[in-house]
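Structure record follows, encoded as structure tokens.
Sequence positions, counted from 1, serve as the residue numbers for this chain.
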Amino acid sequence: MPDHDVIVIGAGFTGLTAAVALMEAGCDVVLVEARQRVGGRAEAEYLPDGTRIDTGGQFFCRDMTHLVDLAKQHGAEEVWTYVSGRPSYRPPLAEQRGESIWQEVDRLRDRMIALDLSDPALAGLTVAQWIERQQDEDPAVLDSFRRLVMGLWCRAPEEISLAYLASNDRRITNVYPELEMFLAGTMQGLAEKLAARLGDRLRLSSPATCVTLMDDEVEVDVNGRAITARQVIFAVPPVMARQIEISPALPARLTKALDAWSPGCVIKLMIGYETPFWRDRGLSGSVRWSTPQGMYACDISHGNYYGLVVFIGGPLASDWHKRLQSELVAFVTDELASALGEEARTPRSTCVRDWVNDAWSDGAYSDVITDLHSPDAEDVLLEGLPRLRFACSELSPSFPGYIEGAIVAGNEAAQTVLWKLGK
Ligand SMILES: Cc1cc2nc3c(=O)[nH]c(=O)nc-3n(C[C@H](O)[C@H](O)[C@H](O)COP(=O)(O)OP(=O)(O)OC[C@H]3O[C@@H](n4cnc5c(N)ncnc54)[C@H](O)[C@@H]3O)c2cc1C
């Protein structure tokens, strides 16, 4: 007789959602998490003055209905991102030209999303190869599109599979801006509220190292102890799933599907100031860089905290990962000073979170498919095995790569497992 009905590995939003849904359906579930905290890629830190800020996943919008509902259910207060005023461009660009480039980039993205992926002419292409074929486009628009890919998917377009990106972006269906709001108590704070419902079903500092699949049960090794259950959910991103030893070895198609993914590279900086000085100049605090590629900033002020978040994604993040963080802060505040004003050189607080090669996610925001010859990697993983289910934001039918996607993926995994258990 197994110890439990279900073992869920990973207490990010996918695993937390799945575990809570299973618990509420009357299952005996245990959730094991490698870190000393819940939330996974949603993480927060306290500044010396007690302000809590998001160092991982943060923003959402009204289209992300599961997340909106979850926040409401737990009484989490929303903060609307400050967007009044003009955006800044680096190097400087007339606002009208900047806006028109962004509209064209959106149009190009729509064109990519609408591609017929069964067309043999598109098979095995990278995003960069597809961009090169768009010769009728303004080079500035193509350049900005590359920048968008690096900034959002955090790897070079030369590496990312076109079929993956088109299929992925099709499922990101927001009408409202994706940075529309965030939570005053942080996204990790919401994860903690969800985790509190699980009581002692949650085990922190409990990395799953080995999973043995048997005919009638699964065995998961955690801290040198074996736990058994009827089903296991791997609620970890693909690059982390392949670090868990599985016995007997996975069928070749599943190994290939896991190997198809690479982690994104991102560094997030939160720079706090005495006052939101940019607003006095009619600026929103949003900064769009064409050079260097892969940077973006916006206002994250809330309560008594005035600050900007700066995202660095893709090859630029890989480069900065190898250098001193003090040099990175100097570089970023210098850039912000050029875009918003000299006051940017004297922050009140700085917080740098480098996610490149992170111990338990290996990267962020999302893993992306870089194997150009694994167009079915997601479908194969979603099939899983009779006692094993893969679930994570990356594999979500809506908003993959986002917290909303993780919640949807967690719910779906719970429903599938309940069906398998006959509940
Ligand atoms: C800097 C940054 C900014 C982001 N910004 C946004 C944003 O603004 N909006 C948005 O919607 N999304 C954002 N994201 C993405 C979002 O955070 C993720 O898509 C989402 O949190 C993924 O949830 P998940 O549960 O699928 O995976 P994860 O959060 O990665 O959870 C997996 C969990 O599994 C654990 N784990 C791994 N291996 C093991 C093991 N062997 N045993 C036990 N546990 C293990 C990990 O520690 C982790 O807790 C951002 C991410 C980052 C890092």
Side-chain angles (χ1 to χ4, degrees), residues 9-10 12-15 34 40-41 56-57 117 123-130 149-172 207-208 211 232-246 249-266 313-315 317-318 321 355-385 388-403 405-406 408-410 412-413:
I9 301 174
F13 270 93
T14 302
R41 283 171 277 175
L117 296 174
L125 281 193
T126 62
V127 174
Q129 286 167 329
W130 180 75
V149 172
M150 279 192 227
L152 269 184
W153 301 110
C154 299
R155 290 193 81 95
E158 283 72 12
E159 298 173 286
I160 302 176
S161 152
L162 172 69
Y164 154 76
L165 196 67
S167 141
N168 192 81
D169 280 20
R170 246 172 231 175
R171 290 172 268 160
I172 299 167
V211 171
V232 62
I233 298 176
F234 277 44
V236 300
V239 295
M240 294 313 298
R242 62 185 187 232
Q243 293 191 24
I244 300 174
E245 193 188 323
I246 302 177
L250 288 177
R253 65 192 174 85
L254 270 171
T255 306
K256 182 170 160 55
L258 281 179
D259 286 348
W261 301 78
S262 301
C265 298
V266 70
S318 313
H321 174 70
W355 286 87
V356 181
N357 299 144
D358 177 75
W360 294 109
S361 68
D362 202 17
Y365 315 112
S366 170
D367 293 354
V368 296
I369 294 187
T370 50
D371 178 349
L372 306 178
H373 304 289
S374 279
D376 59 349
E378 288 190 60
D379 293 340
V380 171
L381 289 180
L382 283 172
E383 271 171 37
L385 288 171
L388 187 167
R389 170 93 191 166
F390 292 102
C392 54
S393 180
E394 280 79 354
L395 301 177
S396 181
S398 70
F399 292 101
Y402 291 78
I403 296 159
V408 172
E412 288 225 331

For the residue pair [X] and [Y], establish whether any side-chain heavy-atom pair is separated by less than 4.5 Å.
X	Y	value
Leu254	Val380	yes
Leu385	Pro251	yes
Leu381	Trp261	yes
Trp130	Pro157	no
Leu117	Pro375	no
Asp169	Leu152	no
Met240	Phe234	no
Asp362	Arg242	no

[atom1] of [X] to [atom2] of [Y]: how many Å apart, nearest 0.5 Å?
X	Y	atom1	atom2	answer
Ile160	Leu125	CD1	CG	13.5 Å
Arg253	Leu258	CZ	CG	11.0 Å
Ser161	Gln129	OG	CD	10.5 Å
Ser167	Asp379	OG	CG	8.0 Å

Please evaluate residues Asp371 and Asp259 with respect to the criterion side-chain contact (heavy atoms from CB on, under 4.5 Å), reporting the C-alpha separation (whole Å), side-chain torsions for both, the decisive distance (0.1 Å), and the verdict. CA-CA 8 Å; Asp371 178 349; Asp259 286 348; over 6 Å; no
Which heavy atom of Ala364 sits nearest to which heavy atom of Cys154, and what is that distance? O-CB, 3.8 Å
In terms of heavy-atom contacts, does CD of Glu158 have more than 12 from other residues, nucleotides or ligands at under 6.0 Å? yes
How would you list, by chain and number, every residue that makes a salt bridge (Lys or Arg N to Asp or Glu O under 4.0 Å) with Glu159, sequence neighbours excluded? Arg155
Is Ser374 reaching over with its side chain to a backbone N or O of Asp376, donor-acceptor style, under 3.5 angstrom? no
For a quick test of your reading: what N or O donor-acceptor pairs under 3.5 Å do the side chains of residues 389-402 make, sequence neighbours left out?
unit_1	atom_1	unit_2	atom_2	d
Arg389	NH1	Leu382	O	3.3
Ser393	OG	Gly401	N	2.9
Ser393	OG	Tyr402	N	3.0
Ser393	OG	Tyr402	O	2.7
Glu394	OE1	Arg41	NH2	3.2
Glu394	OE2	Arg41	NH1	2.8
Glu394	OE2	Arg41	NH2	3.4
Glu394	OE2	Asp367	N	2.8
Ser396	OG	Ser398	N	3.3
Ser396	OG	Ser398	O	2.7
Ser396	OG	Gly405	O	3.0
Tyr402	OH	Glu178	OE1	2.8
Tyr402	OH	Glu178	OE2	3.1

